[in-house]
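Predicted model only: the values in this text are computed from it and were never measured. Below, all heavy atoms of this structure are taken into account, side chains as well, without hydrogens, waters or symmetry copies.
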Amino acid sequence: MTERQLTDQVVASFDSAKDDRFRELMQALVRHAHAFVRETRLTEDEWNEAIGFLTAAGHITTDTRQEFVLLSDVLGISMLTVAVNEPGDGEATASTVLGPFFVQDSPPIEQGGDIAGGASGEPSWVDGRVTGPDGTPVAGARVEVWEADDDGMYDVQYDNGAGAGDLAGRAHLFTDAEGRYRFWGLTPTPYPIPDDGPVGRLLDHAGRSPMRAPHLHFKVTAPGFRTLITHIFVAGDAWLERDSVFGVKESLIRPFERHAAGTPTPDGRRIDGTWTSASFDIALRKE
């Protein structure tokens with residue numbers, strides 16, 4: 001049997017699949033995977049290394065750490081999937097990757113509340129407005145936000161000590177009647193993606209940095225609109241052009257204005273030290 005005959009036989013084995021889309025995906029996967037093996041003349045030792053790598057990724061994955069998401073991120077597959085599914089017509093806010101540290105059922109906060117929950121970092125006031133593509137306010141939209149602390153750690157990465165068992169640096173709130181939202185968070189700082197597992201070893205072997213440009217995650221949902229998963233990035237940061245998961249989009253970069261200690265805050269909160277502020281208006285796409 002020739003190499004191509006084998007590929008044809010495996011592709012044909014999915015001809016009787018009950019679901020058309022499943023058949024299309026599996027047959028395309030087989031064709032491209034077989035083409036990779038033929039193009040690279042993959043050795044059996046290399047095949048075994050790949051199986052070991054994927055096995056290790058499975059072993060390190062938990063409810064709060066998704067190594068396969070990290071792998072998809074650093075290979076650019078996550079961002080390519082976003083690009084394929086985003087019309088790119090400029091009517092709605094651009095999407096980017098979800099990342100491996102989203103958690104369901106984050107704590108609720110009121111307008112102007114604080115998502116820090118004990119996480120360390122410089123306070124940051126973030127506000128904006130959620131609208132449809134035509135600028136009509138979207139009241140009652142759920143705005144989910146989460147971020148790392150100033151040590152570059154998400155709450156779920158802590159095994160003990162501060163943050164253990166507690167959610168911090170994340171919360172959700174709902175837009176008001178005018179589609180507006182506002183909250184206190186932390187000024188985003190650069191941090192490495194988890195690099196103590198197989199994906200980290202891959203990056204090290206490739207001579208690539210695990211660093212992410214500083215960002216704040218958003219997930220926005222509202223009836224009648226497509227779910228938006230996006231970030232805002234800190235303008236002027238040195239890592240914007242070297243983000244390890246290729247997630248930066250120009251339209252998502254925002255200035256985080258730093259205010260001197262003692263500067264009045266938008267809600268009258270007293271802060272000892274500096275703080276920053278940023279605005280981010282969000283346009284959702286109709287379902």
Side-chain angles (χ1 to χ4, degrees), residues 66 69 72-73 76-115 124-148 154 167 169-186 188 212-235 240 243 245-256 266 277-287:
Q66 237 302 350
V69 171
S72 175
D73 288 350
I77 296 172
S78 300
M79 278 304 296
L80 182 58
T81 303
V82 169
V84 166
N85 286 275
E86 185 173 278
D89 53 17
E91 290 185 355
T93 299
S95 302
T96 188
V97 295
L98 176 66
F101 295 120
F102 173 73
V103 174
Q104 297 282 0
D105 301 321
S106 65
I109 59 171
E110 298 296 325
Q111 290 279 352
D114 195 334
I115 76 168
S124 183
W125 174 264
V126 181
D127 59 24
R129 191 164 174 254
V130 177
T131 69
D134 60 354
T136 303
V138 179
R142 180 180 173 119
V143 180
E144 193 96 33
V145 288
W146 67 103
E147 62 180 325
Y154 287 84
L167 295 181
R170 69 177 74 236
H172 70 271
L173 67 160
F174 295 90
T175 56
D176 64 18
E178 296 180 340
R180 299 190 182 280
Y181 70 89
R182 54 194 178 276
F183 62 88
W184 283 100
L186 304 172
R212 287 225 60 195
H215 60 276
L216 172 64
H217 291 266
F218 281 78
K219 179 181 179 182
V220 185
T221 54
F225 295 91
R226 289 180 59 176
T227 296
L228 173 68
I229 294 170
T230 193
H231 304 353
I232 50 174
F233 295 90
V234 179
L240 289 174
D243 185 55
V245 307
F246 314 99
V248 178
K249 293 184 176 180
E250 190 70 27
S251 65
L252 300 178
I253 299 173
R254 293 291 185 278
F256 277 72
S277 60
S279 292
F280 182 44
D281 289 337
I282 296 167
L284 300 180
R285 191 178 306 280
K286 292 281 190 178
E287 282 186 340

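Arg226 CZ to Arg285 CZ: the interatomic distance, rounded to the nearest 0.5 Å, is 6.0 Å. In this structure, the separation between CG on Leu284 and OG1 on Thr131 is 7.0 Å, given to the nearest 0.5 Å. One distance of note links CD1 of Ile115 with CZ of Phe183; it measures 5.5 Å at 0.5 Å rounding. Atom OG1 of Thr227 is separated from atom CD of Glu144 by 11.0 Å, given to the nearest 0.5 angstrom. Annotation: the span from Ser251 atom OG to Ile232 atom CD1 amounts to 12.0 Å, rounded to 0.5 Å.
Smallest separation of non-hydrogen atoms from Phe225 and Pro133: CE2-CD, 4.2 Å. Across all their heavy atoms, Leu228 and Ile282 have their closest contact at CD2-CG2, 3.4 Å. Scanning both residues, Gln111 and Asp176, for their nearest heavy atoms gives NE2-N, 3.6 Å. The nearest pair of heavy atoms linking Trp184 to Gly112 is CD1-O, 3.6 Å. Across every non-hydrogen atom of Ala235 and Ile253, the tightest pair is CA-CG2, 3.4 Å. Taking all atoms of both residues into account, the shortest heavy-atom contact from Ala177 to Pro137 is O-CB, 4.4 Å.
Val143 places a side-chain heavy atom less than 4.5 Å from the side chain of Thr175. Under the 4.5 Å side-chain criterion, counting only non-hydrogen atoms from C-beta, Arg180 is not in contact with Asp127. In this structure the side chain of Leu252 never reaches within 4.5 angstrom of the side chain of Phe218, judged on heavy atoms. In this structure, Arg254 and Ser279 have side chains that are not in contact, with every pair of non-hydrogen atoms separated by 4.5 Å or more. Using a 4.5 Å heavy-atom threshold, the side chains of Val130 and Tyr181 count as touching. In this structure, the side chains of Trp146 and Ser106 stay at 4.5 Å or more apart for every pair of heavy atoms.
Screening Arg170, Glu147, His217 for a side chain to side chain donor-acceptor pair (under 3.5 Å) with Tyr154, the sole residue that qualifies is His217.
At least one donor-acceptor pair closer than 3.5 Å links the side chain of Asp281 to the backbone N or O of Arg129. In this structure, the side chain of Ser124 does not engage the main chain of Ala278 through any donor-acceptor pair within 3.5 Å. Put simply, the side chain of Asp73 never gets that close to the backbone of Val245: no donor and acceptor are under 3.5 Å apart. In terms of modelled atom types and a separation under 3.5 Å, the side chain of Arg182 and the main chain of Trp125 share no donor-acceptor contact.
Asp134 is linked by a side chain to side chain donor-acceptor pair (under 3.5 Å) to Thr136, counting only residues two or more places apart in sequence or in another chain.
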Taking it one step at a time, do Leu216 and Phe280 satisfy side-chain contact (heavy atoms from CB on, under 4.5 Å)?
CA-CA 11 Å; Leu216 172 64; Phe280 182 44; over 6 Å; no
Give the intermediate values and the outcome of side-chain contact (heavy atoms from CB on, under 4.5 Å) for residues Lys286 and Glu91.
CA-CA 10 Å; Lys286 292 281 190 178; Glu91 290 185 355; over 6 Å; no
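Heavy atoms from other residues, nucleotides or ligands lying under 6.0 Å from CD of Glu110 number 12 at most. Summarising the local packing, CG of Asn85 is surrounded by more than 12 heavy atoms from other residues, nucleotides or ligands at distances under 6.0 Å.
Ring geometry for His215 against Phe233 counts as tilted: the plane angle lies between 30° and 60°, on a 0 to 90° scale.
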Name each donor-acceptor pair under 3.5 Å that joins a side chain in residues 93-104 to protein atoms two or more places apart or in another chain, with its distance.
residue	atom	partner	partner atom	Å
Thr93	OG1	Ala283	N	2.8
Ser95	OG	Glu86	OE1	3.1
Thr96	OG1	Gly247	O	2.8

